[in-house]
Amino acid sequence: MSENMNVEAIFASKVFTVGKMKERLPKNVYKEVKQVMDRGGELSLETADVVAKAMKDWAVENGATHYTHWFQPLTGITAEKHDAFVTHPDAEGHMIMEFSGKELIKGEPDASSFPSGGLRATFEARGYTVWDITSPAFLKEDATGVILCIPTAFCSYKGEALDKKTPLLRSMEAISTQALRIVRLFGDTQATKVVPSVGAEQEYFLVDRDKYLQREDLIFAGRTLFGAPAPKGQEMDDHYFGTIRERVGSYMKDLNIELWKLGVTAKTQHNEAAPAQHELAPIYETANIAVDHNQLVMETMKKVASRHNLHCLLHEKPFAGVNGSGKHDNWSLCTDAGVNLLDPGDTPNANIQFLLVLACIMKAVDTHADLLRQSASDVGNDHRLGANEAPPAIISIFLGEQLEDVVKQLVETGEASHLIDGGKLETGVSTLTDLDKDATDRNRTSPFAFTGNKFEFRSVGSSDSIGSPNTTLNAIVAEAFCEAADVLEQADDFDMAVHDLIKEYMTKHQRIIFNGNGYSEEWVKEAERRGLPNLKSMVDATSTLTTEKSIRLFEKFGIFTKAELESREEILYETYTKTINIEASTMIDMMKKQILPAVFKYTKSLADTVIAVREAGADASVQADILHQISEKLADAKGELAALEEKTARGKKVFHDLQNGINKDAQLKTQKDLAFYYKDAVHVDMDNLRVAVDALEVLVDRDVWPMPTYAELLFEV
Ligand code: ADP
Ligand code: MG
């Protein structure tokens, strides 16, 4: 890329944008497509043929040879199977590249190897991918060549969702319908839909690729399973917003270019709190496009890293002792006329529509705090939520001083007559402007914070899809809107009814508001007193999917059927078990193949030294003492290894036997039992083994330690 980069020219150059459709499609076809994009409905096959041809022509002009239906199965990442545009040659051997409407709209990947939680087994082995016309097609370029990617939903023969996109799209329709009822009550006749907007801030770590390749734990688990702390951590706060190092800077520059080409509005970049940790934030956009784009961001981060001989770690907790990574999911609701329902305006206390929306969100989050917590859980995120790290596992809402006071007035008197003034931020320097203070001051410990004109859901894990969190948010708020609209549409006196309803909701659900320190022990006790759920781990949260309350919610709005929820629950337990099993197996392997041999070698050389020094008639007590210490720690580590091996072997057997219907384990009878076993037994032994090995690492010569240390991984990028 030249020095004078033309960002406007490269932006979305790899995207089949609405603009390109307008240019390339006959007017009537374009109109039909646009209609379906905006209002829903189906394209006729003839129209789809025309669109497919235009899309293919554009792709081929840009070097594409293949197309793929790009989808998001329940693995949490994306999937693709490439097909060339190649067709049968004619009698003379000429071949014409083709792509039909049918191929654009529907695909049938042989998808029997994707997680389905038993859904497909009972119905039909095949999965179908269906074009999501609302998310633009794009070109992916890598060593395979240029591939036309068509964003699709993935479902079973009977239409059960097997992915993250289908329920999200369903939830977007639900919240649009219900939010429209609310805005109509306030006299908005313009809006034809209400769209959730999402902006996901993405945190990540970068490590040197050569060092990464020397760590089996990073390769197989995406996080370090061993590692004594470096002499320096993040205690100096010198990395956060610090000057970006050259190598990282050139990575970020490349990353931005790749993302801009894909139409991703990469906007903000900075160093994060932990050494080697960084963040990228795009500008917010429609939820389903934001979900797709976040997948592209994660994928592109990894791809570009390898070009710089770096490796990008998206795991929630790659390193013990320094901050982990999350993904702040910023969420708001906008009408298609551009009105943000979460914009309080200058006088939120007098903005009745805003107060009703706020009351509904309070109700939604309080009623379904368990589901919201669940939606942000993945295996890696257990190291953040509920551990000693950013946001706690307890869901609460932070409103800021001003709004909290408005809620308080409404609850106490039914009126919010005044507004706490944000006031001026006085710098005390005559040449600096005094600023209006932000009335929604930040509370970084809150999992769900109101930040001006949006909520920021901070619990989501860095490696996770933002599909589930947004599906859940849309669903729970749709339910609250629906219940409010049911009451208000029937009211004789609307003003009175809305006033009463806001007061009722805020009074009933004020326990969900918390403005204090979310990390404190007092909050854990206070939350318990308030009756707020504290689901410490992913497996604790999983069964919230299939409570009566959850099934009622999701079935009412056609987002999930009971069977779909049950299948997701099953998949989550299995995913947990498999992930911890891989981690445990990796530890065992590293112990046997690398760590033990290295320590044996070192103790042998120490022992030789002791003998040689003694033979030479000198005092070898220091060497002997260290040898003694190491031998002791070695015995500890070996003991922990044996325990872990035994527990893991049992887990593996049960998993295998459950899959084959021959399980006879007396305690571990289900996938749920097994997941809890991996959490409460296997994971505990992993932690013990790590402690023993980290104690060894500190005593052993760096030259024989068989892998790069924390100091080298975190500070030598
Ligand atoms: P922070 O101080 O938390 O970094 P920013 O103002 O930088 O907050 O915004 C963070 C993210 O929130 C960005 O992705 C931004 O586009 C997004 N965002 C801003 N306004 C909205 C909105 N109305 N709805 C959804 N996301 C939004
Ligand atoms: Mg933020």
- Task: Kindly indicate, with the supporting measurements, whether the criterion side-chain hydrogen bond (donor to acceptor under 3.5 Å, both in side chains) is fulfilled by E258 and T300.
- Result: CA-CA 7 Å; E258 291 301 328; T300 310; over 6 Å; no

- Query: Pick one: which of K327, Q202, R384 meets side chain to side chain contact (heavy atoms under 4.5 Å, CB included) with V460?
  - Reply: K327

Hey, is the main chain of [Y] close enough, under 3.5 Å, to the side chain of [X] for a donor-acceptor pair?
X	Y	answer
D49	S100	no
S176	M172	no
K454	W331	no
N340	N453	yes
E203	G326	yes
N330	G199	yes
T335	V339	yes
S13	A9	no
T286	N288	no
N294	A290	no

- What do you reckon, are the aromatic ring centroids of Y67 and F85 less than 6.0 Å apart? yes

- Hey, would you say the F71 and F114 ring centroids sit under 6.0 Å apart? yes

- Message: Applying side chain to side chain contact (heavy atoms under 4.5 Å, CB included) to N28 and T47, what does each step give before you reach the verdict?
- Response: CA-CA 9 Å; N28 59 332; T47 308; over 6 Å; no

Rounded distance (nearest 0.5 Å) linking atom [atom1] of [X] with atom [atom2] of [Y]:
X	Y	atom1	atom2	answer
C149	L139	SG	CG	7.5 Å
L713	T224	CG	OG1	7.5 Å
R307	D142	CZ	CG	9.5 Å
T265	E285	OG1	CD	5.0 Å
L74	F154	CG	CZ	8.5 Å
M301	S462	CE	OG	10.0 Å

Does this structure show an ion pair linking [X] with [Y], if we count only N-O contacts that are shorter than 4.0 Å?
X	Y	answer
E564	R568	no
R223	E583	yes
E479	K556	no
D38	K34	yes
K53	E98	no
R24	E61	yes
D208	R247	yes

Distance alone, cut at 3.5 Å: any donor-acceptor contact between the side chains of [X] and [Y]?
X	Y	result
S468	T471	no
E456	H328	yes
N323	E272	no
H66	D83	no
T152	H69	no
T78	Q295	no
T546	E569	yes
D336	T192	yes
T166	D163	yes
Q72	K165	no

- Query: Partners of E42 by salt bridge (Lys or Arg N to Asp or Glu O under 4.0 Å), sequence neighbours excluded?
  - Reply: none

Find out whether [X] and [Y] are in side-chain contact, i.e. whether some heavy atom of one side chain is under 4.5 Å from a heavy atom of the other.
X	Y	result
P282	K267	no
N381	M538	no
P196	I175	yes
L333	F481	yes
R373	S459	no
H315	H383	yes
W70	I147	no
R458	F448	no

- State whether the number of non-hydrogen atoms from other residues, nucleotides or ligands found under 6.0 Å of E173 atom CD is greater than 12. no

- Is the count of non-hydrogen atoms from other residues, nucleotides or ligands lying under 6.0 Å from E555 atom CD greater than 12? yes

- Go through the steps to decide whether K578 and N581 satisfy the test side chain to side chain contact (heavy atoms under 4.5 Å, CB included), and finish with yes or no. CA-CA 5 Å; K578 287 179 193 165; N581 188 57; 5.5 Å; no

- Note on the structure: Partner of S325 under side chain to side chain donor-acceptor pair (under 3.5 Å), picked from Q277, K317, E316, E279, is Q277

- Task: Using the six-membered ring wherever Trp is involved, compare the ring planes of F16 and W58 and label them parallel, tilted or perpendicular (cut-offs 30° and 60°).
- Result: tilted

- Take the angle between the ring planes of Y204 and Y251 and call it parallel below 30°, perpendicular above 60°, tilted in between. tilted

- Query: Passes side chain to side chain contact (heavy atoms under 4.5 Å, CB included), K106 versus T129? Steps please.
  - Reply: CA-CA 6 Å; K106 195 173 111 187; T129 49; over 6 Å; no

- Task: With side-chain hydrogen bond (donor to acceptor under 3.5 Å, both in side chains) as the test, would you mind laying out the steps for T144 and H82 before giving the verdict?
- Result: CA-CA 10 Å; T144 343; H82 304 166; 5.1 Å; no

- Pair S135-D292, side-chain hydrogen bond (donor to acceptor under 3.5 Å, both in side chains): steps then yes or no: CA-CA 8 Å; S135 183; D292 287 359; 2.6 Å; yes

- Message: With salt bridge (charged side-chain N to carboxylate O under 4.0 Å, His left out) as the criterion, how do K140 and E80 come out once you've worked through the C-alpha distance, each side chain's angles and the decisive distance to 0.1 Å?
- Response: CA-CA 11 Å; K140 214 152 90 164; E80 54 196 75; 2.5 Å; yes

